[in-house]
Amino acid sequence: MASLLYRVLQIRPFRICLSPLITKKTGVFYVTSKCLQTRSLAQEKPQSQAKVSTRNHDKGLDKIFQNYEAVIGIETHVQLSTLTKAFCGCAYNYGSQPNTNICPVCMGLPGALPVLNSKVIEFAVKLGLALNCKLSLNSKFDRKQYFYPDLPKGYQISQFDIPIATNGYIDLDLPVELGGGHRRFGITRVHMEEDAGKLLHSEGGTYSQVDLNRAGVPLLEIVSEPDMRNGIEAAEYGAELQRLVRYLGVSNGNMQEGSLRCDVNISVRPIGQSEFGTKVEIKNLNSFSSISRAIDYEIARQAELHSQGLGDQIVQETRLWEEGAQKTVTMRKKEGLSDYRYFPEPDLQEVILTEEYVASIHDSLPELPEMKRKRYEQLGLSMQDVIFLANDVNVADFFDATLAMGAEAKLAANWIMGDVAAYMKNEKVSISEIKLTPNELAQLIDSIKSGTISGKIGKEVPSSSLAALSRNHMTSSSLPTGIYHNILTITDPAEIEKIIDKVLAANPKQIEQYRGGKTKLQGFFAGQVMKESKGKANPGLLNKILLEKLNAKS
């Protein structure tokens, strides 16, 4: 059945005209459409419009920003990492050949009935609790009616008036370079729904093909309160949601795969005005930096229109972010709630949660990003350290495991943020893929502290030798000195004395000058000894023996 469906849409301007004929040819169903159009700003009828500067920090705009403020909310769709889709047994694998993971249910064929995936409920409750929401013990599914070529049923199964979670919030800390400070953003609701398919556009733009692999994939939509005021706050909010779903294990959160998608709603109003301005939605945002730049552009566009008395030209619409042009353009006028004609989904029962079920999920929640950051601060780490370590759940787990092996927090943080991070960047691997274990790193740090390895030599180990510090080379929980045969500190006094004698013999003139009063030459001799020992000589023993030799009566 999966191989039978492949819709081809003939695109022509100005109107949609579906052919009344569906023909079967060579095992493929074809549906032709003469006029599917997405209009851009350039295609619209010209109108009197203010010229908007793309430079948000232009001096001419500074005064505008002093008089207007932005009101920003974000709708985030999170694709859940379930084994099967929301209402059928089909798997979803990103990158699969088109229409290879579909069945009558996700294709919307007549007579096919949905069966709810219980894992979707579990993940929704997890995220609702993590976002400090109030859970609805009784919720339901609804049908959201609209036509789009990649929506096979002609409606989307979603939640409307009774979502599974409401009235929450998320806390985050902005990095110092972005202004710093603590922020709390409200969460209006979290609801469950299914994803639509995907349009594959031809190079010439004359037709599009429909891939229904993604149709029916479970989503959680997170709707924020309009609490953000600039692009930086919005981008950091999105990044914190990404961290959260990864910590919870409910989604991989990869924006490049569409596993996390953000639609931004933005309006501009005069400072002091309580009413919101006309809301514009921005789509096609595939990175957090794009979110920040798109918002800053849109603030400038709307604020300048207001300042020139052209605020009525701001209409409720959906706009696309064009990365190349670094601007937003009109996509379509925004539908209202009445256009969707919601009504309860008749083929699915109510979702009923028990207090015991919710409590069991609450008890299983991991330490979340904000909690982890607070704990790291209490360890005496700087905010820069805290944000870096807590940003990736795998890095945080590696750091925590290193601490559990007895490593000092600051030293472990320095190693992970410095040498280990540099190694991962150079080798293009994640911390889960490197061969160094937390136990080995803790032992390496301990070896440096105890003097078995000098600090100078120890700092040179990871970038060149991380691969050598692998599980394959470890024979027990203790640190095998054989691994470090070329970096171990020389602590044998006789061996150090032998090197010192060699250096002194090679520099009789400098010895004479030292004994004549130029005592600063001690640093010269120490440097020569370290050079001769390739940095391995124990500094304490070296200076003790060297001073005895230099001050000895000839």
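Because only heavy atoms are used, hydrogens play no part in the values below, and waters and symmetry mates are left out as well, while side chains stay in.
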Are Glu377 and Arg375 close enough for a salt bridge, meaning some N to O gap below 4.0 Å? no

Just checking, any donor-acceptor pair under 3.5 angstrom between side chains of Asp400 and Tyr376? yes

Would you tell me whether Glu323 and Ser290 have side-chain atoms, one donor and one acceptor, within less than 3.5 Å of each other? yes

Suppose the criterion is side chain to side chain donor-acceptor pair (under 3.5 Å): which pairs have a residue in residues 112-126, not counting sequence neighbours? Thr84-Asn117, Lys119-Glu122

Thr330 side chain to Glu317 side chain, donor-acceptor N/O pair below 3.5 angstrom: yes

Side-chain ion pair, Asp195 and Arg214, N-O less than 4.0 Å: yes

Salt bridge between Asp263 and Lys283, side-chain N to carboxylate O under 4.0 Å? yes

One thing to verify: whether Lys153 and Glu194 come together as a salt bridge, which I'm taking to mean a side-chain N less than 4.0 angstrom from a carboxylate O. yes

Can you name the side chain to side chain contact (heavy atoms under 4.5 Å, CB included) partners of Arg229, sequence neighbours left out? Glu69, Val71, Glu233, Arg269

Is the distance from the ring center of Phe388 to that of Phe399 below 6.0 Å? no

Just by modelled atom types, is the Gln79 backbone N or O under 3.5 Å from a matching donor or acceptor in the Ser251 side chain? yes

Expected output: side-chain Ser267 to main-chain Phe276 donor-acceptor under 3.5 Å: no

Can you measure from CD1 (Ile164) to SG (Cys133) and round to the nearest 0.5 angstrom? 10.5 Å

Heavy atoms only: give me the nearest Gly249-Phe123 pair and the separation to one decimal. O-CZ, 4.2 Å

Could you go through Asp363 and Ser360, starting from their C-alpha distance and side-chain angles, then the distance that decides it, and tell me whether this counts as side-chain hydrogen bond (donor to acceptor under 3.5 Å, both in side chains)? CA-CA 5 Å; Asp363 293 342; Ser360 67; over 6 Å; no

Please determine whether a side-chain nitrogen of the Lys or Arg among Arg183 and Asp227 lies less than 4.0 Å from a carboxylate oxygen of the Asp or Glu. no

Minimal heavy-atom distance between His201 and Ser208, with the atoms involved, is ND1-OG, 2.6 Å

Exercise: do Ser96 and Asn213 side chains pair donor with acceptor under 3.5 Å: no

Pairing donors with acceptors under 3.5 angstrom, does anything connect the side chains of Thr166 and Arg189? no

Does a side-chain heavy-atom distance below 4.5 Å link Tyr297 with Gln326? no

Does the distance from a Lys or Arg side-chain N to an Asp or Glu carboxylate O, for Glu345 and Arg143, drop under 4.0 Å? yes

Whether the Asp142 and Gln159 side chains hold a donor-acceptor pair (N or O, under 3.5 Å, no angle test) is what I'd like checked. no

Counting N and O atoms only, with roles assigned by atom type, does the side chain of Lys140 sit under 3.5 Å from a partner on the main chain of Pro344, one being a donor and the other an acceptor? no

Between Asp419 and Trp415, is there a donor-acceptor pair closer than 3.5 Å when you use the side chain of the first and the backbone of the second? no

Would you mind reporting whether Gln97 and Thr100 have side-chain heavy atoms less than 4.5 Å apart? yes

With Met192 as partner, the option from Ile121, Leu219, Leu116, Ile157 fulfilling side-chain contact (heavy atoms from CB on, under 4.5 Å) is Ile121

Would you please test Tyr155 and Tyr148 for ring-ring contact (aromatic ring centres under 6.0 Å, His included) and show each step? CA-CA 9 Å; Tyr155 62 86; Tyr148 208 67; over 10 Å; no

Regarding Lys144 and the six-membered ring of Tyr340, is the cationic atom NZ or CZ under 6.0 Å from the ring centre and inside 45° of its axis? yes

Look at atom CD of Gln256 and say whether more than 12 heavy atoms of other residues, nucleotides or ligands are closer to it than 6.0 Å. yes

For Glu367, which of Lys372, Lys374, Arg373 qualifies under salt bridge (charged side-chain N to carboxylate O under 4.0 Å, His left out)? Lys372

Using a 3.5 Å distance criterion without hydrogens, assess whether the side chain of Ser136 forms a donor-acceptor pair with backbone atoms of Asn138. no

Could you check whether atom CD of Glu433 has more than 12 heavy atoms from other residues, nucleotides or ligands sitting under 6.0 Å from it? yes

